[in-house]
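Taking it in order: structure first as structure tokens, then the write-up.
Note on naming: letters A, B, ... go to the chains in the order of the sequence lines (proteins, then strands), and numbering restarts at 1 for each one.
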Amino acid sequence: MRLLDLLFPERRNSAVIAKDRLKIVLAHERASRDAPEFLPALQKDLLEVVGRYVEIRDDTLRVNVGKSSDTSLLEINVEIDRSMFKPVNNAAPVMPRPIPAARLDRESPAPWVKQS
Amino acid sequence: MAKVIVLTSGKGGVGKTTSAAAIASGLALRGKRTVVIDFDVGLRNLDLIMGCERRVVFDFINVINGDAKLNQALIKDKRNDNLYVFPTSQTRDKEALKRDGVERVLEELKDNFDYIVCDSPAGIEHGAITALYFADSAIIVTNPEVSSVRDSDRIIGILASKSRRAEHNLEPVQVHLLLTRYSLERVKKGEMLSVEDVKEILSIPLLGVIPESETVLKASNTGTPVVFDEESPAGRAYLDAVARFVGEQREMRFLQPGRRSIFRSLFGRA
């Protein structure tokens, strides 16, 4: 025992390892236990939508609900790699964004510009 | 008002039945009228641990189904007049535990007893859920070991969401930690989670720590709950836990080195 301690002075004993592992796994399990029931379905839908644009694996998209005192925060984390971008034509057709009417006439100044 | 206590753990083999027998016997020794019920349908064992296996005629399922009356199935303990054992069926399966039937039987028991101790089966299936559903208090039997602690955390979550008290928005089930098979020596060597570690991880109040002891196997060999063995450190630890359960202050024993450990520290390894 002593000799081992001399050889590996920073060696953590197994009870400390057990405690650290439990803390991590239980934090994760408690979070998913308290989560609303729709989360898996939401995650599946998001995977489908995001997957149209980016190559994505199931485990790189995570959906969580965090809680502070009186607000809930829906947190969506997507890990992506630039090399996994897909060509844009995979996407569902996008409606052209309407241009604000006031800006159609480029000759006249915008309404908020002061006339001198 | 009678109190329903469940001994549960999620994981098997941690000492639920041993603890249910010891705690029910401890309550009876304090003069409380106590019945201990075996919820482990199909894997009956409480009768063996209580030493009444040859006196079983009718069982919990017979009473639920109306095939027998409660007083035909209850077995009076030979050591203590306040203690009764309610055995389960060895032939049926766990689906025979109908929730409304269990409720009816518990209500009848409440008129006759101070404490109803429910020995839960392992797992989180129907049998275990039925055993904890009607509980007012839960004693979470845990070993200082990763899989047991994780399963205890799961069961604590289930008590908070699926018990009758949770479903009816009543005051939550009181949960207590009972740490069993504890070895102070191994904790000191850093080989075993300490009582502080487990308390910190599960964050529920500690009811007691039961030291690993040869007397526990001896007790089950002879069908005598370990609290009846005055020489047993485990028995004394269970009696302390029972005293705390009924509201007495007791110091935690067996968490400081005893005489043998001092001897070892002088002559054995440092």
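The environment of CZ in B/Arg150 is sparse: at most 12 heavy-atom neighbours from other residues, nucleotides or ligands sit within 6.0 Å. For B/Glu231, the CD atom counts as loosely surrounded, since its 6.0 Å shell holds 12 or fewer non-hydrogen atoms of other residues, nucleotides or ligands. Remark: B/Arg250 CZ is packed, more than 12 non-hydrogen atoms of other residues, nucleotides or ligands lying under 6.0 Å away. Within a 6.0 Å radius of NZ in B/Lys3, other residues, nucleotides and ligands contribute more than 12 heavy atoms. Counting non-hydrogen atoms of other residues, nucleotides and ligands closer than 6.0 Å to CD of B/Glu214 gives a total of 12 or fewer.
If you tally non-hydrogen atom pairs under 4.5 Å between each of B/Val198, B/Val187, B/Asp153, B/Val146 and chain A, the highest count goes to B/Asp153. For the set B/Glu145, B/Arg154, B/Glu200, B/Arg186, the entry with the most heavy-atom pairs within less than 4.5 Å of chain A is B/Glu200.
B/Leu193 and A/Ala18 get closest at one heavy-atom pair: CD2-CB, 3.9 Å.
Among residues 22-31 of chain A, the residues having any heavy atom closer than 4.5 Å to a heavy atom of chain B are, in sequence order, A/Leu22, A/Lys23, A/Val25, A/Leu26, A/Glu29, A/Arg30.
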